[in-house]
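Structure record follows, encoded as structure tokens.
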Protein chains: 2
Amino acid sequence: MARPDKRRDFDRLQPDARRAALIEATLRCLRREGRDGLSARRIGAEAGISIGLINHYFPSKDDLVAAAYETLAERQLAMLLEAAGDGDPVARLRGFIAAYFGPEILDRGVLRAWIVFWAMAFESEAVRAAHERSNGAFQAALRDLMADARGEPGEIPHLAGRATELSALLDGLWVEWCLAETPFAPDEGRAICDRWIDRFLASPITD
Amino acid sequence: MARPDKRRDFDRLQPDARRAALIEATLRCLRREGRDGLSARRIGAEAGISIGLINHYFPSKDDLVAAAYETLAERQLAMLLEAAGDGDPVARLRGFIAAYFGPEILDRGVLRAWIVFWAMAFESEAVRAAHERSNGAFQAALRDLMADARGEPGEIPHLAGRATELSALLDGLWVEWCLAETPFAPDEGRAICDRWIDRFLASPITD
DNA sequence: TTCCTTGTTGAACGACTGTACAATAGATAA
DNA sequence: TTATCTATTGTACAGTCGTTCAACAAGGAA
């Protein structure tokens, strides 16, 4: 007898699609549960697949986390650059910073995931490398925006230090906001950074 | 027959001393191994006691971590205030910041432990409360130093925002330094903050 | 249709986890 | 000395963990 209602036991996906789905499931678990969410069984359940499949795509947990880190970091940076728009340079810099205080980054779950990335950077070479790349890309983007905003070439060595400073200020406010019981208003954080930019634009090129 | 060489099976300490020893052992484990070090067995081994004793002093792991968090945070803040000295107000502020870029804080192990604190603040009410207290004390100290340095009353509401800003800058540089493969020189971080203070001191009181 | 590749399953393994708890022994008071 | 208190021990328990691997099945090729 035929089995017209035969239920397929599983969907067989293309490797790329399955990899992407596993990364997304990992990010959801990390946002929701932090390090506790980083378990093969939970990620498998979140992705709707069985335990063994994860190791078929990622030789170890570290590789999965590194891939998730890079995926999220690239997405966030792309979002910020998108929000910066293509107007005049100063507006781009300010737009970038304003978007940083939007709901996609100023989110407790996102920091919760990020903290796992930072923690694993101490243990896993793959995650450390992912951090190095992501952080480098972020600061490079910031440096270019800052150089344009002040109309100077981005290669000025001193500018890298200023970009590190602004990047640190952003990160610090981000951590502070996400961990505080009653955090400052997002607009307040944006205002702090806007005033920082005011001073940056007003200061001499050697500073 | 007497047993003159009878070996005592264990040293019985006063509760306070044992509590302190457990907290110190926890801090060493966290610095060395991060979250992996946060296991009753490892802490017990580090402290030279057996597993069960931990639960005798701390009803759960969260309480031990919260106590360790508060101990470390208080110690660090006390060290910074000590380093600030009792000279003129501006020198005190600069001394505080200079000490922040010293080996007791700018240390990968310390951040590694601190990341565990941040991670657990999402899961444990006790740790979150410890963070709230520690962070509040740190920013209050910073705000007072800044108020004195500019010769204005510390209750000025705007000053709290500036203290949050400097605190975020410090935290951000700390994280950046500890996680970077090849970090900037500590003096460079101190110089960034010193220039920040220059601008702070030069800016009008409403800013 | 039949064959083959490989995406997918799920049980199994040994190691580790936090906590509970009865038993032990050091210290102090009577 | 003896009794009492409690700091301390270490086993036990019920889980969860990451990873391995033989078996299964979906989909395309022949």
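Just so we're on the same page: letters track the sequence lines, and every chain starts at 1. Treat the numbers as computed from the prediction; the structure is a model and nothing was measured.
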Open item on the list: Using only atom types and a distance under 3.5 Å, with no angle test, would you say the side chain of A:Arg94 pairs donor to acceptor with the backbone of A:Asp194?
Closed with: yes

Open item on the list: Salt bridge check, B:Arg92 against B:Asp86: does any charged N sit closer than 4.0 Å to a carboxylate O?
Closed with: no

Task: Separation of C:dA15 P from A:Lys61 NZ (nearest whole Å) - done: 18 Å

TODO: Check the distance between D:dT16's P and A:Arg35's CZ and give it to me in whole angstrom.
DONE: 18 Å

TODO: Please report, rounded to the nearest Å, how far the P atom of D:dC17 is from the CD atom of A:Glu123.
DONE: 16 Å

Open item on the list: Surrounding CD of A:Glu181 (heavy atoms of other residues, nucleotides or ligands, distance under 6.0 Å), is the total greater than 12?
Closed with: yes

Task: Donor-acceptor side-chain pairing of A:Gln139 and A:Thr164 below 3.5 angstrom - done: yes

- [ ] Using atom CG of B:Asp11 as one end and atom P of C:dG26 as the other, report the distance to the nearest whole Å.
- [x] 10 Å

Open item on the list: salt bridge (Lys or Arg N to Asp or Glu O under 4.0 Å), that's the test. Do B:Arg143 and B:Glu152 meet it? Break it down for me.
Closed with: CA-CA 11 Å; B:Arg143 191 199 54 216; B:Glu152 41 185 302; over 6 Å; no

- [ ] Take the protein atom CG of B:Asp36 and the nucleotide atom P of C:dA15, then report the distance between them rounded to whole Å.
- [x] 17 Å

Task: Stepwise ring-ring contact (aromatic ring centres under 6.0 Å, His included) test for A:Phe138 and A:Phe96 - done: CA-CA 11 Å; A:Phe138 185 87; A:Phe96 185 97; 5.8 Å; yes

- [ ] Using five pairs at either end of the helix from C:dT1-D:dA30 to C:dA30-D:dT1, determine the angle between the two local helix axes and round it to 10 degrees.
- [x] 10°

Open item on the list: Whole angstroms only, please: what is the CG-C1' distance between A:Leu13 and D:dA26?
Closed with: 12 Å

Task: Spacing of A:Leu64 atom CG relative to D:dG18 atom C1', expressed in whole Å - done: 12 Å

- [ ] Fit a plane to each ring of B:Trp118 and A:Trp118, take the angle between them on a 0 to 90° scale, and name the class: parallel (under 30°), tilted (30 to 60°) or perpendicular (over 60°).
- [x] tilted

TODO: Identify, residue by residue, the members of residues 39-59 of chain B with a heavy atom below 4.0 Å from DNA chain C, and return them in order of residue number, or none.
DONE: B:Ser39, B:Ala40, B:Arg41, B:Arg42, B:Ile51, B:Asn55

Task: A:Trp114 ring center near A:Tyr69 ring center (under 6.0 Å) - done: yes

- [ ] Look at the side-chain N and O atoms of A:Arg12 and state whether any lies under 4.0 Å from the OP1 or OP2 oxygen of D:dA25.
- [x] no

Open item on the list: Between B:Arg162 and B:Glu165, does any NZ, NE, NH1 or NH2 come within less than 4.0 Å of an OD or OE carboxylate oxygen?
Closed with: yes

Open item on the list: If I take atom CD in residue A:Gln14 and atom P in nucleotide C:dG7, what distance separates them, rounded to the nearest angstrom?
Closed with: 9 Å

- [ ] Name the residue closer to the 5' end of DNA chain C, choosing between A:Arg18 and B:Ser60 according to the nucleotide with the nearest heavy atom.
- [x] A:Arg18

